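Here is how names work: the chains are called A, B, and so on, in the same order as the sequence lines, proteins then strands, and each is numbered from 1. These numbers were taken from a predicted model, which means no experiment stands behind them.
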Amino acid sequence: MSHAEQRAQQSNPRDTEEETGQSKRIEVTDSAAIPDKSDKGLFTAWRVSCFGAIGLIILLCSVKPDPYLDILLFVPDGVLVTFEVTMLSIVLSLIVGLITGLGRLSGNAFINLTASTYVEVVRGIPLLVQLFYIYYAIGTFTQIPPFTAAIIALTVCYGAYMGEIFRAGIDSIDPGQTEAARSLGFSRWQTMYHVIIPQAMRTILPPVGNEFIALLKDTSLVSIIAVSDLLRRGREFATSTFDYFETFTLVALIYLLITLFLSKIVNIMENRVTPYE
Amino acid sequence: MWKKTLFAFLLVLVCASVAWGQKTIVFAVDATWPPMEYVNQDKDIVGYSIDYMTAAGKLAGFEPVFKNTPWDGIFAGLQGGNYDAICSSVSITEKRKEAMDFSEPYYEVRQALIVPRDSDAETIQDLKGKKVGAQIGTTGYFAIKEVEGVEPESYDEIGLAMRDLKNGNLAGVVCDDPVAANYAKQKEGFQKNLQIVSILDTGQTEHYGIAVQKGNEDLLQLINEGISKVKEKGLEEKFKKKWIK
């Protein structure tokens with residue numbers, strides 16, 4: 001996966017910042033390009049892909065309802081499962097990520113080492129292997145339903161990635177902010193929650209949005225552990241009808257559409273959090 | 001220099017094989033279906049079907065090459081021409097016949113239901129409202145889907161479904177009877193926990209056939225010749241004794 005390299009690049013934004021002297025935004029291009037008003041080309045690219053995908057789905061279903069419409073009617077519960085897995089995992093991984101990020105910045109050597117080791121171990125194991133491990137290997141000792149196993153695996157994996165983003169984001173805030181807050185009598189926790197994190201959120205949000213979309217795409221891996229997500233529904237359809245081309249064309253288009261919509265939402269959220277700049 | 005040597009070597013090989021008149025047929029195998037076809041500890045693909053086709057090749061004059069291929073893309077690969085034929089315990093069904101051609105049947109199977117030893121279920125009807133697993137795109141999976149009220153779960157490999165049955169996430173698994181017997185009677189770690197309770201009534205018995213691209217008559221003829229020669233020589237019994245206990 002190229003994720004790891006990109007994450008490694010983002011891990012210390014202060015270096016690049018000092019070199020360029022530019023804004024504090026962490027640039028990660030992990031997933032679908034998030035539309036940005038200032039970037040005219042991308043904005044139209046988003047529109048082209050979005051309306052292109054919708055148009056193509058409608059066209060295929062109306063021109064050749066057998067099998068395209070059949071496929072479209074076969075997969076909706078899979079789309080729902082994909083959504084559920086994504087949403088639950090993202091919420092949980094944000095919590096895990098925040099704790100990990102703070103742990104990585106902790107002055108306490110034990111906490112710091114624990115958080116760092118967790119990140120190191122999880123980043124070193126492919127998500128697919130983690131899924132197999134949690135479901136089939138740990139399942140030997142205790143019974144874990146597939147849906148829960150999928151969410152645990154994605155949370156553990158993305159919690160570590162999120163942790164790195166949180167750490168980098170908090171780290172990117174000027175130490176002067178902490179000094180100022182502390183000299184005004186804020187405690188360390190107050191400084192963190194009232195001064196540092198609100199500012200860090202602006203830096204953190206774009207990469208978190210990217211992770212969100214990357215996570216959605218990675219949920220296609222959970223089909224390996226018998227979670228009936230979009231990809232598995234598609235594969236079930238294809239293996240019984242042999243319409244491989246038609247099925248995977250439609251599955252790809254649906255994934256694209258979901259990703260494009262989510263990137264739009266992330267973009268709107270970003271604009272909300274950064275009203276001035 | 002090396003390139004030239006290699007080229008000359010390959011040329012000799014090609015000429016030699018032409019001289020022997022041996023036709024090579026590439027068979028796709030999903031080697032996760034013991035005892036019909038699976039990967040042994042020496043990483044070789046072995047099993048009943050493999051022995052059968054190797055013998056057929058010897059008798060009809062072709063050399064089989066087995067290519068391990070994941071099941072859920074195996075038919076797409078045949079359509080795309082990645083290999084000549086599929087020798088992977090493919091049951092001949094009407095639906096599949098529309099998409100590809102089949103050789104003479106070479107093995108007869110039925111769908112067996114496996115449940116944990118402590119289960120009370122006797123037929124698949126007893127598992128209503130519960131999850132029953134099978135490998136994706138197999139006749140076992142289609143058979144589960146036919147039963148009202150049972151929740152079908154599809155797996156990439158039958159071994160994963162068996163593992164999940166053992167772990168307690170499934171109420172039963174449906175697959176071809178030789179495979180079911182292999183897990184329930186022989187497989188270390190499974191045979192203590194699992195048992196075959198019934199044979200599903202799917203209307204008729206199923207037969208394995210070798211699948212080839214639609215319209216590939218020459219190849220089909222060659223394979224059929226091999227299969228009928230194996231049958232004539234009575235080798236089937238020998239293979240059954242060796243692989244299916």
Legend entry - Enclosure of Lys214(B) NZ (heavy-atom neighbours >12, cutoff 6.0 Å): yes
Legend entry - Shortest non-hydrogen contact between Gly168(B) and Gln143(A), atoms and distance: O-NE2, 2.8 Å
Inset, instruction - Kindly indicate whether the side chain of Ser240(A), heavy atoms from C-beta on, has any atom under 4.5 Å from the side chain of Lys95(B). - result: no
Legend entry - Toward chain A, the part of Ala76(B) with a non-hydrogen atom under 4.5 Å: both
Legend entry - Atom pair OG/CG of Ser223(A) and Asp72(B) - distance to nearest 0.5 Å: 8.5 Å
Inset, instruction - Evaluate the side-chain proximity of Ser228(A) to Glu151(B): yes if any heavy-atom separation is below 4.5 Å, no if none is. - result: no
Inset, instruction - Go through the atoms of Phe132(A) and report whether side chain, backbone, both or neither lie under 4.5 Å from a heavy atom of chain B. - result: side chain
Legend entry - CD on Glu153(B) to CD1 on Ile225(A), rounded to 0.5 Å: 11.0 Å
Legend entry - Gln221(B) atom CD: more than 12 heavy-atom contacts under 6.0 Å: no
Legend entry - Residues of residues 241-258 of chain A near chain B, each having a heavy atom less than 4.5 Å away: Thr241(A), Phe242(A), Tyr244(A)
Legend entry - Gln186(B) CD: over 12 foreign heavy atoms closer than 6.0 Å: yes
Legend entry - Portion of Glu157(B) that has a non-hydrogen atom of chain A nearer than 4.5 angstrom: neither
Inset, instruction - Take Thr239(A) and Tyr141(B), measure what side chain to side chain contact (heavy atoms under 4.5 Å, CB included) needs, and give me the verdict at the end. - result: CA-CA 10 Å; Thr239(A) 47; Tyr141(B) 181 70; over 6 Å; no
Inset, instruction - Between chain A and each of Asp156(B), Asp164(B), Thr138(B), count heavy-atom pairs under 4.5 Å; write down the option with the most. - result: Asp156(B)
Legend entry - Crowding at NZ, Lys130(B) (>12 non-hydrogen neighbours, <6.0 Å): no
